[in-house]
There are 2 protein chains.
Amino acid sequence: MSLADRPSPVATRRAARREEILTAAERLLDEDGIEGLTMRRLATEVGMQAPSLYKHLRDKQELLGALQQRALQSMGDALADAGPTLAELAAGYRTWALANPALYRVATAVPLERERIDPEIEERAAAPVVAAVDGDEHRSRALWAAAHGMVDLELRHRFPDGADLDAAWAALVAAFEA
Amino acid sequence: MSLADRPSPVATRRAARREEILTAAERLLDEDGIEGLTMRRLATEVGMQAPSLYKHLRDKQELLGALQQRALQSMGDALADAGPTLAELAAGYRTWALANPALYRVATAVPLERERIDPEIEERAAAPVVAAVDGDEHRSRALWAAAHGMVDLELRHRFPDGADLDAAWAALVAAFEA
DNA sequence: ACCTGAACACCGTTCAAGT
DNA sequence: ACCTGAACACCGTTCAAGT
């Protein structure tokens with residue numbers, strides 16, 4: 001990076017403010033779920049009026065996109081650390097999702113704008129899944145969808161109350177191991 | 001049914017009005033998606049002011065619950081007609097969902113209140129799935145989740161643009177056939 | 001450059017009042 | 001019995017104005 005390209009102090013301050021906003025947004029998400037994240041609440045959380053947010057973010061869509069990117073990053077980390085077997089990968093996926101339910105929603109529900117998102121992030125999160133089915137892309141999509149479905153239904157409390165979800169996950173893993 | 005239990009004309013009229021409201025809600029859902037269904041729009045759709053809706057429905061939650069019940073019913077019909085093989089069942093599920101995307105969202109996203117919903121409806125929709133895996137409840141939950149995940153990700157455009165989803169479905173079916 | 005106040009077009013819902 | 005008008009507490013967002 002040449003001297004001329006060094007980010008100016010004001011640019012750095014702007015970026016820091018943006019980080020501060022995103023972090024506050026994650027905190028809101030964590031505390032009050034996805035419907036707790038409103039532009040107005042977020043503004044008071046960082047100590048400004050709602051309209052001021054629009055100096056840092058184009059709109060709520062962009063906010064959600066940025067959070068989605070962070071979520072995929074964090075999930076990618078978790079999957080990379082999970083271990084190579086299908087069972088370990090599945091457990092890692094479920095564990096991350098249950099630990100970050102609102103962030104999982106954002107990662108998963110927001111229609112990701114493929115133009116703007118860093119494609120590396122998505123690929124990195126997907127890589128262990130592809131590896132677990134020996135590179136078969138169709139099987140990897142089915143596996144990814146299956147894991148997503150399990151988590152989605154669990155988070156929405158759509159399984160019967162006493163349902164043995166460990167056993168359901170085991171059945172899922174078994175199906176894809178064969 | 002005894003004479004005394006015969007529904008009074010006014011009860012019948014009330015029920016008919018309620019049906020009219022639910023049908024209008026489905027129409028809104030169909031035309032403008034899930035975010036197009038607001039109490040205010042629904043009211044004008046049936047020719048009244050928004051507050052009047054609350055004489056027919058306790059709140060929006062109850063509206064969504066009623067729509068969910070209808071959706072599960074309709075989906076149950078589709079699955080019962082789909083044919084007994086796993087591949088046919090999967091195709092029937094996907095076809096119904098893609099034909100009724102907003103209703104699928106409602107059927108699937110609304111936290112169903114198990115006390116109030118008719119349990120027969122849920123069981124009936126699930127029956128063919130259970131049968132397809134020879135009655136193994138854990139496998140049937142995994143299969144259901146997998147199909148739901150495929151549909152959910154497809155509806156949210158989360159698969160890469162040119163992705164061969166027929167092949168992904170085939171991989172899913174193959175996994176559960178083994 | 002950054003922030004605010006007022007405003008606009010929406011929400012779901014309540015409640016007193018009309019017929 | 002059924003419906004309305006006015007109101008309340010919220011949304012996301014824009015825009016002129018202040019420092």
Side-chain angles (χ1 to χ4, degrees), chain A residues 6-29 31-68 102 105-106 109-111 113 116, chain B residues 6-29 31-68 102 105-106 109-111 113 116:
Chain A
R6 193 195 319 234
S8 74
V10 336
T12 309
R13 230 181 304 125
R14 271 191 64 72
R17 201 82 166 106
R18 199 185 143 98
E19 283 313 291
E20 192 190 336
I21 292 170
L22 293 181
T23 304
E26 279 183 339
R27 198 167 50 241
L28 274 179
L29 225 37
E31 287 168 5
D32 305 315
I34 201 158
E35 81 285 1
L37 176 58
T38 75
M39 296 301 270
R40 293 174 113 109
R41 286 214 231 173
L42 177 56
T44 66
E45 190 80 4
V46 297
M48 53 172 74
Q49 297 307 115
S52 304
L53 282 178
Y54 293 80
K55 294 291 160 182
H56 301 273
L57 300 158
R58 186 141 50 90
D59 51 19
K60 191 174 186 179
Q61 186 75 351
E62 189 189 304
L63 170 67
L64 292 174
L67 291 174
Q68 182 182 52
R105 278 273 102 87
V106 169
V110 173
E113 311 167 48
R116 203 141 43 96
Chain B
R6 192 193 321 234
S8 74
V10 337
T12 310
R13 230 180 306 123
R14 271 192 63 70
R17 200 80 166 105
R18 199 184 142 97
E19 283 311 292
E20 193 190 336
I21 292 170
L22 293 181
T23 303
E26 279 184 338
R27 197 166 54 241
L28 274 179
L29 225 38
E31 287 167 6
D32 306 314
I34 202 159
E35 81 287 2
L37 176 57
T38 74
M39 296 301 270
R40 292 174 114 109
R41 286 215 231 173
L42 177 56
T44 67
E45 190 79 6
V46 298
M48 52 172 76
Q49 298 307 115
S52 304
L53 282 178
Y54 293 80
K55 294 291 157 185
H56 301 273
L57 301 157
R58 185 142 51 91
D59 51 20
K60 192 175 185 179
Q61 186 75 351
E62 189 189 302
L63 169 67
L64 291 175
L67 291 174
Q68 182 182 51
R105 280 271 102 91
V106 170
V110 173
E113 313 168 48
R116 203 139 45 96

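Computation of the quantities below employed the complete heavy-atom set of this structure, encompassing side-chain atoms and omitting hydrogens, waters and symmetry-equivalent molecules. Worth saying up front: this structure is predicted, and the values here are computed from it rather than measured. Convention: sequence-line order gives letters A, B, ...; per-chain numbering from 1.
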Only stems of 3 or more consecutive Watson-Crick or G-U pairs count here, both distances under 3.5 Å; name the ones for DNA chain D, or none. C:4-8 with D:12-16, C:12-16 with D:4-8
Protein-nucleotide distance (H56(B), atom NE2; dA1(D), atom P), rounded to Å: 13 Å
Side-chain (Q68(B)) to main-chain (V110(B)) donor-acceptor, under 3.5 angstrom: yes
Atom pair CG/CG of L37(A) and D32(A) - distance to nearest 0.5 Å: 9.5 Å
Step by step, would you call M48(B) with K55(B) a side-chain contact (heavy atoms from CB on, under 4.5 Å)? CA-CA 11 Å; M48(B) 52 172 76; K55(B) 294 291 157 185; over 6 Å; no
L53(B) versus V46(B), closest heavy-atom pair with distance: CD2-CG2, 4.5 Å
Rounded to the nearest 0.5 Å, what's the gap from CG on L63(B) to NE2 on H56(B)? Could you check? 12.5 Å
dC2(C) OP1/OP2 closer than 4.0 Å to side-chain N/O of R14(A): yes
Whether R17(A) contacts dC3(C) is assessed here as follows: a side-chain N or O lying under 4.0 Å from the phosphate OP1 or OP2. Is that the case? yes
Scoring nucleotides 4-11 of chain C by protein non-hydrogen atoms under 4.0 Å (B base, S sugar-phosphate only, - none) yields BBBB---B
Roughly, in whole Å, what's the span from CG in L64(A) to C1' in dG12(D)? 12 Å
Apply salt bridge (Lys or Arg N to Asp or Glu O under 4.0 Å) to E62(A) and R18(A), showing your working. CA-CA 12 Å; E62(A) 189 189 304; R18(A) 199 185 143 98; 2.8 Å; yes
Testing L42(B), T38(B), T44(B) one by one against R40(B) for a side-chain contact (heavy atoms from CB on, under 4.5 Å), which residue passes? T38(B)
Could you give the distance from CZ (R41(B)) to CD (E31(B)), rounded to the nearest 0.5 Å? 10.0 Å
